[in-house]
Engineer: 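If you scroll down you'll find the structure; I have some questions about it.
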Amino acid sequence: MNIVTRFAPSPTGRLHVGNIRTALHNWLWAQKMGGRFLLRLDDTDLERSTAAFADAIHADLAWLGLAPDLWVRQSDRFALYEARFAELQAAGHVYPCYESAEELDLKRKILAGRGLPPIYDRAALKLTDAERAAQPVAPHWRFKLDHDQPITWTDLVRGDQHLDPKLLSDPVIRRADGSWLYMLPSVIDDIDMAVTHVVRGEDHVTNTGLQLQMFEALGAKPPSFAHAALLTGSEGKLSKRLGSLGCDEFREEGIEPLAILALLARIGTSDPVEAVADAAPLIAGFDFARFGRAPARFDLDELKTLNSRILHHLTFETVADRLPAGMDAAAWEAIRPNIERIAEAADWWAVVEGPVESVADDLDYLAEAAAIAADLDWSADPWHHLTTALKEKTGRKGKPLFLPLRQALTGRDHGPDMAALLPLIGKERALQRLRSGH
Ligand code: GLU
């Protein structure tokens, strides 16, 4: 079977961490199964969808490394929806309704007052042709659920699912102005694009029930479904904050895409979050059976910690294009353990290249160091040779031995391992810095 997944955001806003997680699940499954990952922009709401949001979705996915194999937008596909809608109409699977929003609201209130669920009463189904013809307004359309057909499926995350169609309202699929609601075009596209796995959040479980009957009505075998439990913030619910937390803020925080993938691939599953070196272990370990039913807890602090751990292992090749000119693999490896975000590498590179302002005051000692450094063999481990010789000569050890050197050579009290840094600074600059107090 050729596996096809799809990520179907509406371009009515930026992707947030919950959407990103859904995109990732779809991407991981497609990668793991050697399948294809599609992006479908659900832009049937022409008023709220914008080209700018669509562009941002493409850009965010590219930045995350989740670029789709193919993308489509629903606004290009209205002719297909029209044709398939006509089939449903001819077969009696859809029916026109004329109630206003106020009328429907009143009906729901009456039901609620009697303690009943707000299920549409199908009044429009009972209209005669003459009554329909006499309606002063254009109809909106509902899909007629088959009340005799129990809705069941085996969800890849949630296991066996059952919904009673009698307890569901016939969903409105098309507005009076002819525009489409989400429900039916999604099914038509899933069929047309041969989607094999619909992977999304559990807020869509009821939609799946409705959509299963639409697949049936359109004569198609439904795909498999996987509904992941939703994300919660560290405070316990999907906060407003999570709803607006996306790639821009991650980037500003210096978070690596890989850290985002590593966290989002594992939260809500029984597998530990790991500081992976690339996406391969996330792909290999991805399995719906590992998902739990409890909400997945997202914690920005956990992401930041994971980000540093991942950063400390990133290879030079992965980051080279974001490092300052001249920085090579040895420099990256020397500096890498001391940074929390890649942009900080430039600060340390500036320290290597200088000039640095000396904060040392132990001038006689530094003069001693300069004399030794001038005669050192700089080709192998100069820091070791310098400090060993200084120790012998001065009897110093520990902080008094090392700190004045670090201060003179870097202008700072803390920083990367001097053994790695000193060869990068090099003989000429080192001598100059050690002598600079004189
Ligand atoms: N546009 C829908 C959403 O963002 C897609 C849901 C689906 O995956 O079918 O919720």
Side-chain angles (χ1 to χ4, degrees), residues 3-30 35-50 53-54 56-58 60-61 64 66 68-78 80-81 84 143 151 153 155-158 161 163 171-175 179-215 218 220 222-231 238 242-247 264 288 291:
I3 299 298
V4 180
T5 65
R6 92 295 194 274
F7 172 51
S10 295
T12 54
R14 292 295 297 269
L15 297 183
H16 57 68
V17 57
N19 305 133
I20 294 170
R21 178 167 173 254
T22 298
L24 175 63
H25 291 160
N26 279 283
W27 182 82
L28 287 169
W29 186 241
R36 294 196 313 145
F37 166 65
L38 314 183
L39 169 64
R40 186 185 80 204
L41 295 174
D42 283 3
D43 60 349
T44 55
D45 185 341
L46 295 173
E47 280 187 359
R48 290 176 55 231
S49 302
T50 70
F53 284 133
I57 289 171
H58 286 293
D60 286 348
L61 291 178
L64 289 161
L66 306 179
D69 297 306
L70 175 79
W71 74 274
V72 298
R73 63 175 162 235
Q74 292 195 315
S75 56
D76 289 335
R77 302 167 60 80
F78 290 146
L80 174 66
Y81 307 151
R84 304 246 50 193
F143 178 82
I151 298 171
W153 76 96
D155 196 276
L156 295 174
V157 173
R158 298 163 60 87
Q161 303 290 297
L163 292 175
V172 177
I173 50 168
R174 197 170 193 183
R175 297 187 192 88
S179 64
W180 301 98
L181 282 111
Y182 150 76
M183 205 69 70
L184 179 65
S186 178
V187 172
I188 294 173
D189 285 335
D190 288 339
I191 296 169
D192 186 60
M193 304 180 80
V195 168
T196 59
H197 291 78
V198 170
V199 181
R200 56 191 179 187
E202 68 180 9
D203 49 331
H204 283 288
V205 166
T206 305
N207 288 345
T208 296
L210 305 171
Q211 290 179 323
L212 278 169
Q213 288 214 348
M214 296 181 189
F215 279 101
L218 288 163
S224 299
F225 287 90
H227 293 92
L230 298 182
L231 275 191
L238 182 70
L242 280 195
S244 65
L245 183 62
C247 291
L264 293 181
F288 294 113
F291 281 62

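These numbers were taken from a predicted model, which means no experiment stands behind them. One-based numbering, in listed order, for ligands and for the atoms of each.
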Engineer: As a quick check of understanding, evaluate side chain to side chain contact (heavy atoms under 4.5 Å, CB included) for Cys247 and Leu15, giving each step before the final call.
Structural biologist: CA-CA 8 Å; Cys247 291; Leu15 297 183; 5.8 Å; no
Engineer: Using a 4.5 Å cut-off on heavy atoms from C-beta on, say whether the side chain of Leu163 contacts that of Trp153.
Structural biologist: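 Counting from C-beta outward, Trp153 and Leu163 do come under 4.5 Å.
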Engineer: Picking from Phe291, Phe37, Phe288, what satisfies ring-ring contact (aromatic ring centres under 6.0 Å, His included) with His25?
Structural biologist: Phe291
Engineer: Salt bridge check: are Arg6 and Asp189 linked by an N-O gap of less than 4.0 Å?
Structural biologist: no
Engineer: So which protein heavy atom does atom 4 (O) of ligand 1 come closest to, and at what separation?
Structural biologist: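 The answer is Ala8 O, 3.4 Å.
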Engineer: Can you list the ligand 1 atoms lying under 4.0 Å from a non-hydrogen atom of Ser10?
Structural biologist: 1 (N)
Engineer: Report, in ascending order of atom number, the atoms of ligand 1 lying under 4.0 Å from any heavy atom of Asp42.
Structural biologist: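 Result: 1 (N), 2 (C), 5 (C).
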Engineer: Counting from 1, what ligand 1 atoms have a heavy atom of His204 closer than 4.0 Å?
Structural biologist: 3 (C), 6 (C), 10 (O)
Engineer: Assess the residue pair Asp42 and Tyr182 against the criterion (side chain to side chain contact (heavy atoms under 4.5 Å, CB included)); give the C-alpha distance rounded to whole Å, side-chain angles, the decisive distance to 0.1 Å, and a yes or no.
Structural biologist: CA-CA 7 Å; Asp42 283 3; Tyr182 150 76; 3.7 Å; yes
Engineer: Looking at every heavy atom in both His227 and Val205, which two are closest together, and how far apart are they?
Structural biologist: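 So the minimum-distance heavy-atom pair works out to CG-CG2, 3.7 Å.
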Engineer: Please identify which atoms of ligand 1 are closer than 4.0 Å to at least one heavy atom of Ser186.
Structural biologist: 9 (O)
Engineer: Under 4.0 Å, heavy-atom basis, I'd like to know which part of Phe7 is in contact with ligand 1: side chain, backbone, both or neither.
Structural biologist: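 Neither; no heavy atom under 4.0 Å.
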Engineer: Could you tell me, atom by atom, which parts of ligand 1 come under 4.0 Å of a heavy atom of Arg6?
Structural biologist: 7 (C), 8 (O), 9 (O)
